[in-house]
Amino acid sequence: MKTKLTLAFLLFSLIALGQAAERPAWVANKPTEEGYYIGIGSASKRLNDYLGIAKKNALQDLVSDIRISISSTSILNQIDKNYQFKEEYESNIKTTAADDIEDFERVASFEDDQNYWVYYRLSKTRYQAQKQQDLAAARNMALQFFEKAVVAEQSNALATAIDFYFRSLLTLKDYWGENIEAGYQGKSIFLAIESYARLQQLLDQISIRSAASFVRVTGNANSRLVFSITNGAQPVSKIPVILTASPQRVAAANYSSDDKGEVNALFSTAVWNSSTREAELMLDLKSFARASAEERFYDYLIRSLRVPSVKIAVDVAPVSSRTQPSGDFFPFFSGLVYADYDRPEQFTFKNLRLVPLRMKAGFRDAVGNLGYYTSLHQAMLNDKVVITEASTGGTVNTLIARNLSTDTLFLMSGEILQGGKQDRVIARDMLIPPGEGRVRIPVFCVEQGRWKYKGQSNDQKFSEYYGMANEHLRDIIDHRLGQAQVWDEVSKSNKRDGVNSSTDAYTDHANNRAFRRAEQEYVDFFLNLFEQDDTILGVVAITENRVEGADLFINNSLFRQEFQKLIYSYIDEAVTYGAPIVIRQNVVEDYVNSLLDISRQGDFIDQRGQAFRKGQQVIHVSTF
């Protein structure tokens, strides 16, 4: 028995020694092979995914043999003036290469009781071929961005030009250490260097100036200061800027310059206090090319550029006992808005009179710049939005919108769309952000007798914009009285106007010649009435002895944009339900006072209409 145990022990020892002897040399010493990059990786078998981890380690080891050459005249040396980024850049490039590498082959593997090893290699010839293929694709795309940037710069669309120069540079980020040549307008250029140089030159041409060298902020009131952004004598519009507070370097607010190249910056008491001494307004380069930016690469690129900016002093004054009235519907109150009752005949035609609602001197300072909104009508005309049924089967009170543009779209309650399985009217005001992919739009049906697609195509799109509903219908929609009441009002309007419609469609007003002739007379009188008027914010519409309704917008440009369709609502109401003007002046004044008096407007707007807000800021007020 003792002899058998001894023999078993000797046999086990010989097997173990044999296994140890079988461990390949490459496990301990990384080999070299002519024409190949070699990678050896290992992992403990106690790890769940030890095979995958060993492979990853082997590929990291493999790319460590790949030399990253940095040309002394490359874009990387221009970006990394203080030699802080080069090592991190090389590490990032190699990590990316390990993830993207193709055509590597597994040569061998080995394992014992505790660990697993794997041996990979990559043909240097294949690697160079792959690199050249990837480089060619990146160069072609970067050149397209570069060409678009040049065209935008020549058109003075500076924000677009800056964005495309950034995209060109970021497309080439894996090759910043090299001089990448490309053909442009019959000559060869170093594409990354040229993009960077033109970008910096463009930024150097932009200047930011403030209307004053300091701004005063009191403890209980906000202040504003206008900044001008120009390229030589030309204003630079729609360019993003950021306002920061020093010495803490707190980001106070983001803005975009208006058509005049101006930013009306708000100095809020929530940010600016006794500990802030300086403000700086500068171009917000982080707003550009964000979709394609890798954070660390992008940060280093931005930090290497000279950025237009201006600094001003901030004077924080002691708290004052005086307060400025604001109210729930600020800035729409009598301190900043007034009704213009002068020359009523200038704003009256047959059954319709408009009373302009104008801004007072301090209105623009109180409101500032709230950005740009594109109307639904313009978006549809320019293929910037796609609106469809919610599904193939359709849902009566819901549509789906996709914003294909870089603009924010403003949709207004009462706008009517044609198409789909039946015509619809938008049920409430809303904003659709740029590039938003699938937004639900609440709607009502204004074509009770159809629930099928037109023709044979089953086209779910709403490709035609009809216009605005009349004030009666807008009132029902804004008060959300329900689909049955909307259909009832459509039937009444059609009957009163002599509109014959096989599907009881409100939009068949367009086919009634007598109605259209009557409407066109009003359109010719009113449509361009406020075209050059830069103080108007809204109107009160009047017919016979009553007020049809009122609309107020947060700025003059938004009013003038929306008035082009709103006027049809006032006109259609006057044609369908109106009569010549006989209203008493005190009735109109009481309506306006109820709308603008802080102590009364809350109940009045809640009962008579609605206010649409972006956050806490009122954008549009409509009453009936």
Side-chain angles (χ1 to χ4, degrees), residues 19-72 74-77 79-80 83-142 170-180 192 292-298 300:
Q19 287 180 336
E22 290 174 6
R23 176 178 293 194
W26 58 263
V27 170
N29 297 297
K30 183 176 178 179
T32 58
E33 289 188 64
E34 185 69 25
Y36 288 94
Y37 297 112
I38 304 300
I40 307 297
S42 64
S44 170
K45 294 173 71 173
R46 288 177 295 180
L47 301 172
N48 290 333
D49 186 26
Y50 68 89
L51 295 175
I53 294 170
K55 177 181 177 181
K56 181 178 180 181
N57 291 338
L59 294 180
Q60 288 285 1
D61 183 49
L62 185 152
V63 299
S64 69
D65 282 349
I66 300 175
R67 184 171 175 270
I68 305 295
S69 59
I70 307 294
S71 170
S72 60
S74 69
I75 187 66
L76 181 61
N77 277 300
I79 294 172
D80 192 26
Y83 304 100
Q84 297 175 342
F85 181 42
K86 188 177 296 184
E87 288 187 11
E88 183 178 351
Y89 174 80
E90 291 184 17
S91 175
N92 273 311
I93 292 300
K94 289 183 176 183
T95 300
T96 303
D99 293 335
D100 297 340
I101 208 164
E102 300 172 9
D103 294 330
F104 53 83
E105 57 180 313
R106 195 177 80 164
V107 178
S109 63
F110 175 76
E111 61 184 301
D112 59 20
D113 291 338
Q114 296 182 340
N115 297 297
Y116 172 83
W117 289 264
V118 66
Y119 174 174
Y120 281 94
R121 70 180 184 179
L122 171 67
S123 166
K124 292 181 179 180
T125 302
R126 288 185 181 178
Y127 170 74
Q128 288 301 324
Q130 179 189 333
K131 181 180 177 182
Q132 291 305 313
Q133 183 179 348
D134 294 342
L135 171 58
R139 177 169 46 216
N140 289 339
M141 182 173 290
L170 291 166
T171 301
L172 294 171
K173 65 182 183 301
D174 292 343
Y175 312 98
W176 280 356
E178 306 173 41
N179 286 326
I180 307 303
S292 61
E294 292 192 11
E295 193 68 34
R296 292 292 290 166
F297 284 37
Y298 200 45
Y300 273 105

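Quick caveat, the model's predicted, so the values are computed rather than measured.
- For the ring pair (Phe, Tyr, Trp, His ring centres under 6.0 Å) test, residues two or more places apart in sequence or in another chain that qualify with Tyr116 are Tyr50.
- Of all the heavy atoms in Phe110 and Trp26, the pair that sits closest is N-CH2, 4.0 Å.
- The number of heavy-atom neighbours closer than 6.0 Å to CD of Gln128, taken from other residues, nucleotides and ligands shown, is above 12.
- Contact between Gly41 and Ala58 at its shortest, heavy atoms only, is N-CB, 3.4 Å.
- Rounding to the nearest 0.5 Å places CG of Leu62 at 9.0 Å from OH of Tyr37.
- Leu51 CG to Glu111 CD: the interatomic distance, rounded to the nearest 0.5 Å, is 8.0 Å.
- Every side-chain contact (heavy atoms from CB on, under 4.5 Å) that Asn57 has, sequence neighbours left out, goes to Ile53.
- The minimum heavy-atom distance between Ile38 and Ile40, with the atom names listed, is CG2-CD1, 4.3 Å.
- Considering CG of Asn115 and CZ of Arg23, their distance stands at 8.0 Å, rounded to 0.5 Å.
- The distance from atom CG of Leu135 to atom CD of Gln132, rounded to the nearest 0.5 Å, is 5.5 Å.
- Ala43 approaches Ala54 most closely through the heavy-atom pair CB-N, 3.9 Å.
- A search for side-chain contact (heavy atoms from CB on, under 4.5 Å) contacts involving Ala142 returns Ser168, Thr171, Leu172, Leu191, not counting sequence neighbours.
- Taking the salt bridge (Lys or Arg N to Asp or Glu O under 4.0 Å) definition, one finds that Arg121 meets it with Glu33, Glu105, sequence neighbours left out.
- Within 6.0 Å of CG in Asn48 there are 12 or fewer heavy atoms belonging to other residues, nucleotides or ligands.
- Taking the side chain to side chain donor-acceptor pair (under 3.5 Å) definition, one finds that Ser44 meets it with Arg46, sequence neighbours left out.
- Tyr119 places a side-chain heavy atom less than 4.5 Å from the side chain of Pro31.
- The CG atom of Asp61 lies 13.0 Å from the OH atom of Tyr120; values are rounded to the nearest 0.5 Å.
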Problem set entry | Derivation and outcome, side-chain contact (heavy atoms from CB on, under 4.5 Å), residues Val63 and Tyr127 | CA-CA 11 Å; Val63 299; Tyr127 170 74; over 6 Å; no

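- Take Thr125 and apply the side-chain contact (heavy atoms from CB on, under 4.5 Å) test, not counting sequence neighbours, and it matches Ser123.
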